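The figures that follow rest on heavy atoms only: side chains count, while hydrogens, waters and symmetry mates do not. Count residues from 1 along the sequence. What you see is a predicted model, and the numbers here were worked out from it, not measured in a lab.
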Amino acid sequence: MRLKVFDTIDDTLRLLDSNMPLYREAVEEIHDYLKYLFVGQDMIVDMNSRIKSKESLREKIIRNRFYVENDTAQQILDHLSDLIGFIIECRFIEDEFHVLKHLRETLNQKNAEDGYYYHERNPNFFLDVQSRQPQIQKNGFAIYRIDGYYLKNGHKINVELQIKALVHSFWGDIEHKLVYKNTNYYVYDDFMKELLGSIKANLTLTDHQLKIIYDQMQEESRLDTGITENSFEQLISKEINDLFALKLNESIGFTLNLKKTSAILGHYIFIKDIRYDGGNNDRISALFRTFRKMNAIKMDFENEIEMDANFHSQDIFIHTLGNHLISVLNKDYDWFVFFKMLFAIEPGNNMEDFTLFLNVIKNYLVDNYWLNTSFLKLPMEEAELVHNECAKILAVSLCEIGRIDIIHDDKMIAINKAFVTFIEELETRVISYHDFMQYQQAYYEEWLNRLKEIFS
């Protein structure tokens, strides 16, 4: 005979389903209302919402013993404090209190029946804004969590509102996936608590650093802007390193030194997503959206990366280096890990991400304008042919070295300087395209020897 608790759960889930259109309408209305309350408040970067899922509700009914305290499905939903959940994301930890303060000042009408507060513009949305905040969770960490409810079509729908800085949202994702959703029994419980506490402390430090950077961003000075960009790039690289070191260990049981690999990926993300982010100046938000996106991805560092073998680019450098990397990325584990990281960061079309990354690398190594304005004493058509051959020489030589070191920041800076010197010397020696091609192999070997010195 089936246990009664599961009949109660089934009834509750059916009721949740039947009320779902009502809940969705309530979410939209609350979202619009919260946007109205915070109009002009630039400390707010995002508002997220969710309706309790069936899976989560089923688990919560058993874990919190709702089936003992409530006789019917309706009673269970009525006592579920977070049937609808909202998170107001602000930039920094210190902004969390300012958000709460704004709510307390705005929701200034008190409901005599339960002591919750509302604003005269919307007498259907009530929050316990005067409750003691922040609250201390079971894990010992503080959180701004406010109970409330929304009245719609005769229904009282419970709402939980959380206020989180970007680093706390990031931390919440980590804790939820690693601890709350992990049913394994840890014999090293105290160690885990200390480790998680250390991660939380580091994120708080990151918040402080970001606040300093953000304040610098408000300055008009070009010098301050430069410092800001450099600091952001370093922060991105650090977070990439920490996240993927964890994911590598989860997948294969150990990790590698990813610092230099993370540095070039940090540079890539900064150039692509933050410096040139389509006019969105809220770089901190963009930064942490990227971090959260990476944290949510499950990584597999054992199975091959699938790539189209027919890679082609009209750019000779990208075509040459790209085909070589495709041929080795499932054979050389360093390259394999690197591209796993790259494609996890950019979970769209792998080939497009691959090509875009190669463009970033080329621009890092060779300034197109500089190369295209070399060999000016040659006829224009011949000069263009020589430019392509020089780019090919560079690409082929990098393939010859082969190791992932070729994209490490310190090596690329050295390659760039050496290649500039090499081209400047060739300009004084090459008298025609025919002449260049006659000695092309000798030029290549000369350049390769210089390149090998960088990696010796």
Heavy-atom donor-acceptor pair, [X] side chain to [Y] backbone, under 3.5 Å:
X: W335; Y: G402; result: yes
X: H387; Y: A383; result: yes
X: N449; Y: E445; result: yes
X: K340; Y: E302; result: no
X: N416; Y: L365; result: yes
X: K259; Y: N241; result: no
X: D95; Y: I44; result: no
X: N158; Y: L80; result: yes

Ignoring hydrogens, what is the shortest heavy-atom contact between [X] and [Y]? Give both atom names and the distance.
X: S397; Y: L451; value: OG-CD2, 3.4 Å
X: H98; Y: E94; value: CD2-O, 3.1 Å
X: T320; Y: V396; value: CG2-CG2, 3.8 Å
X: H102; Y: L37; value: NE2-O, 2.7 Å
X: L83; Y: R50; value: O-NH1, 3.5 Å
X: M412; Y: I407; value: CE-O, 3.3 Å

Just wondering, do [Y] and [X] contact through their side chains at under 4.5 Å, heavy atoms?
X: D410; Y: K260; result: yes
X: I406; Y: F455; result: yes
X: F125; Y: L34; result: yes
X: H312; Y: H319; result: yes
X: H408; Y: I404; result: yes
X: F244; Y: T261; result: no
X: K411; Y: I264; result: no
X: D334; Y: R403; result: no

I'd like to know whether M20 forms a side-chain contact (heavy atoms from CB on, under 4.5 Å) with I51, so could you lay out the CA-CA distance, the side-chain angles of the two residues, the decisive distance to 0.1 Å, and finally the verdict. CA-CA 8 Å; M20 195 58 67; I51 300 169; 3.8 Å; yes
If you draw a 6.0 Å radius around [atom1] in [X], do more than 12 non-hydrogen atoms from other residues or ligands fall strictly inside?
X: E105; atom1: CD; answer: yes
X: E384; atom1: CD; answer: no
X: K392; atom1: NZ; answer: no
X: Y333; atom1: OH; answer: yes

Atom [atom1] in [X], atom [atom2] in [Y]: separation rounded to 0.5 Å?
X: S131; Y: L100; atom1: OG; atom2: CG; result: 7.5 Å
X: E28; Y: D32; atom1: CD; atom2: CG; result: 7.5 Å
X: S327; Y: M307; atom1: OG; atom2: CE; result: 11.5 Å
X: L103; Y: H119; atom1: CG; atom2: NE2; result: 11.0 Å
X: K417; Y: I454; atom1: NZ; atom2: CD1; result: 10.5 Å
X: I431; Y: E382; atom1: CD1; atom2: CD; result: 10.0 Å

Residue pair K452, I401: steps toward the side-chain contact (heavy atoms from CB on, under 4.5 Å) verdict: CA-CA 8 Å; K452 287 181 177 179; I401 299 297; 4.0 Å; yes
I'd like to know whether T106 forms a side-chain contact (heavy atoms from CB on, under 4.5 Å) with F38, so could you lay out the CA-CA distance, the side-chain angles of the two residues, the decisive distance to 0.1 Å, and finally the verdict. CA-CA 9 Å; T106 306; F38 285 96; over 6 Å; no
If the plane angle is over 60° it's perpendicular, under 30° parallel, otherwise tilted; pick one for F311 and F354. perpendicular
Partners of L426 by side-chain contact (heavy atoms from CB on, under 4.5 Å), sequence neighbours excluded?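 Once residues adjacent in sequence are excluded, the partners of L426 under the side-chain contact (heavy atoms from CB on, under 4.5 Å) criterion are F375, C390, F422, I423, R429, V430, F436, Y443.
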Run the side-chain contact (heavy atoms from CB on, under 4.5 Å) check on I415 and L394 step by step: do they pass? CA-CA 9 Å; I415 293 169; L394 177 59; 4.0 Å; yes
Indicate whether the side chain of Q162 and that of H168 have a donor and an acceptor atom separated by less than 3.5 Å.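 Note: Q162 and H168 side chains miss the donor-acceptor criterion.
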For R145 and S81, which I'm curious about, is there any donor-acceptor pair between the side chains at under 3.5 Å? yes
Got a salt bridge between E446 and R450, using NZ or NE/NH1/NH2 to carboxylate O under 4.0 Å?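 Yes, charged N to carboxylate O under 4.0 Å.
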Are K164 and D46 close enough for a salt bridge, meaning some N to O gap below 4.0 Å?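 Result for this pair is no, no salt bridge flagged.
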Are Y33 and F86 close enough that their ring centres sit under 6.0 Å apart? no
